[in-house]
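I have placed the structure first, in the form of structure tokens, so that the comments after it can refer back to it.
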Amino acid sequence: MNAFRFRRAAIAVTAAAVLPLALTACGGGESSSDAADKASSSAPAEEKSSAPAGGAAPADGPFGPACASVPKDGAGSFDGMAQDPVATAASNNPALSTLVTAVKKAGLVDTLNNAQNITVFAPTNDAFAKIPKADLDKVLADKEMLTSILTYHVVGEKLSPMQLETGTYDTLQKSSLTTKGSGENYTVNDTSKVVCGNVPTANATVYIVDTVLMPKA
């Protein structure tokens, strides 16, 4: 009898000890579940907040050191040039006045303004100034030679900066030019640097360059 009572007491004590542990375990399971739910619900929020930074598109507007000299507003600004065909747009940019004079002498204004989806590598006034004056005057006086040089600066398709990373393109002059580079640093024919690139006009993309390109023989 005493042994039976002792056994019942032991069972009661064991049950009393186990029950709180069981309840605690149940409570802990619910807390883990809640924590997991919270973690899973917060994870998408973290991904969403970081996605825009990681997937941000690179700038696709004009770039380069010479872009800083472009007027902020008016016909010669980027917004203004985007409204006009390329020869007209260039005429509103003071840094391209020598090029515009050459285009007029060659009778190419209408040709350039009426062309569709072209790329123009536009030499600055400083680029033309690198040519000895006597030689430049001779070129400007020779319409055939001038036309050959100017049309060599025009590619019959719009080129994005990515396409300039490494490429060879046929020009309106019928010979080809090569481009290479990355980011905001590009060269044409290994000698002429793009100083203000990806400038939109109504019918063309313009890359302003620091050296006049000469057609390949």
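Computed from a predicted structure; not experimentally measured.
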May I have the step-by-step check of side-chain hydrogen bond (donor to acceptor under 3.5 Å, both in side chains) for T178 and D190, ending in yes or no? CA-CA 8 Å; T178 59; D190 294 321; 5.1 Å; no
Return the CZ to CG distance between F78 and N93, rounded to the nearest 0.5 Å. 8.5 Å
Going hydrophobic residue to hydrophobic residue with side-chain gaps under 4.5 angstrom, can you get from V195 over to V120? yes
Can any side-chain N or O of S192 pair as donor or acceptor with the backbone N or O of V209 at less than 3.5 Å? no
Is there a donor-acceptor contact under 3.5 Å from the side chain of S148 to the main chain of E144? no
Side chains of L146 and L140: closer than 4.5 Å at any heavy-atom pair? yes
Kindly say whether V86 contributes a backbone atom to a donor-acceptor pair with the side chain of N203 at under 3.5 angstrom? yes
Begin from the C-alpha positions of N198 and T205 and carry the test side chain to side chain contact (heavy atoms under 4.5 Å, CB included) through to its verdict. CA-CA 6 Å; N198 206 28; T205 298; 3.8 Å; yes
Compare every heavy atom of G64 with every heavy atom of E184, then report the nearest pair and how far apart it is. OE1-N, 4.1 Å
Say you draw a straight line from CG of L108 to OG1 of T151; how long is it, rounded to the nearest 0.5 Å? 7.0 Å
Distance check, rounded to the nearest 0.5 Å: Q173 atom CD versus K216 atom NZ? 11.0 Å
Taking all non-hydrogen atoms of both residues into account, name the closest pair between A89 and M81 and its distance. CB-O, 3.7 Å
Do L136 and L150 sit in the same hydrophobic cluster, where Ile, Leu, Val, Met, Phe, Trp and Tyr count as joined when their side-chain heavy atoms come under 4.5 Å apart? yes
Residue pair P85 / A202: nearest heavy atoms and the distance that separates them: N-CB, 3.8 Å
Backbone N or O of D110 within a donor-acceptor pair of the N114 side chain at under 3.5 Å? yes
Same apolar cluster (I L V M F W Y, side chains within < 4.5 Å links), V199/Y169: no
Could you tell me whether a side-chain N or O of Q163 sits under 3.5 Å from a main-chain N or O of S160, the two making a donor and an acceptor? yes
Report, as yes or no, whether the 6.0 Å neighbourhood of atom CE on M162 holds more than 12 heavy atoms from other residues, nucleotides or ligands. no
Taken in chain and number order and not counting sequence neighbours, the residues that satisfy side chain to side chain donor-acceptor pair (under 3.5 Å) with Y186 are none
Please round to the nearest 0.5 Å and tell me the distance separating atom OG1 of T211 and atom NZ of K193. 8.5 Å
Checking side chain to side chain contact (heavy atoms under 4.5 Å, CB included) between V103 and each of T111, N113, L112, which is the one that passes? L112
What are the two closest heavy atoms between P123 and V212, and how far apart are they? CB-CG2, 3.9 Å
Below 4.5 Å, heavy atoms only, C-beta onward: do L177 and H153 meet side chain to side chain? no
Step through the shown structure and confirm whether more than 12 heavy atoms of other residues, nucleotides or ligands are within 6.0 Å of CG on D73. no
Without swapping roles, check the side chain of N125 against the backbone of P94 for a donor-acceptor pair under 3.5 Å. yes
Side-chain heavy-atom pair D170, S176 within 4.5 angstrom cut-off: yes
Check for a donor-acceptor pair, side chain of T119 on one end and backbone N or O of E157 on the other, with a separation under 3.5 Å. yes
Is the closest side-chain heavy-atom distance between L164 and Y207 below 4.5 Å? yes
Under 4.0 Å between a Lys/Arg side-chain N and an Asp/Glu carboxylate O for D126 and K130? no
Considering non-hydrogen atoms only, spot the tightest contact between S77 and V70 and give its length. CA-CG1, 4.0 Å
Does N117 reach the main-chain N or O of K158 with its side chain, forming a donor-acceptor pair under 3.5 Å? no
Does any non-hydrogen side-chain atom of P215 lie less than 4.5 Å from one of I149? yes
Co-membership, hydrophobic cluster, residues F121 and I118, 4.5 Å side-chain: no
Side-chain heavy-atom pair I131, V139 within 4.5 angstrom cut-off: no
Starting from L159, can I reach L172 by hopping between I/L/V/M/F/W/Y residues whose side chains sit under 4.5 Å apart? no
In this structure, which one of T171, T147, N189 forms a side chain to side chain donor-acceptor pair (under 3.5 Å) with Y152? N189
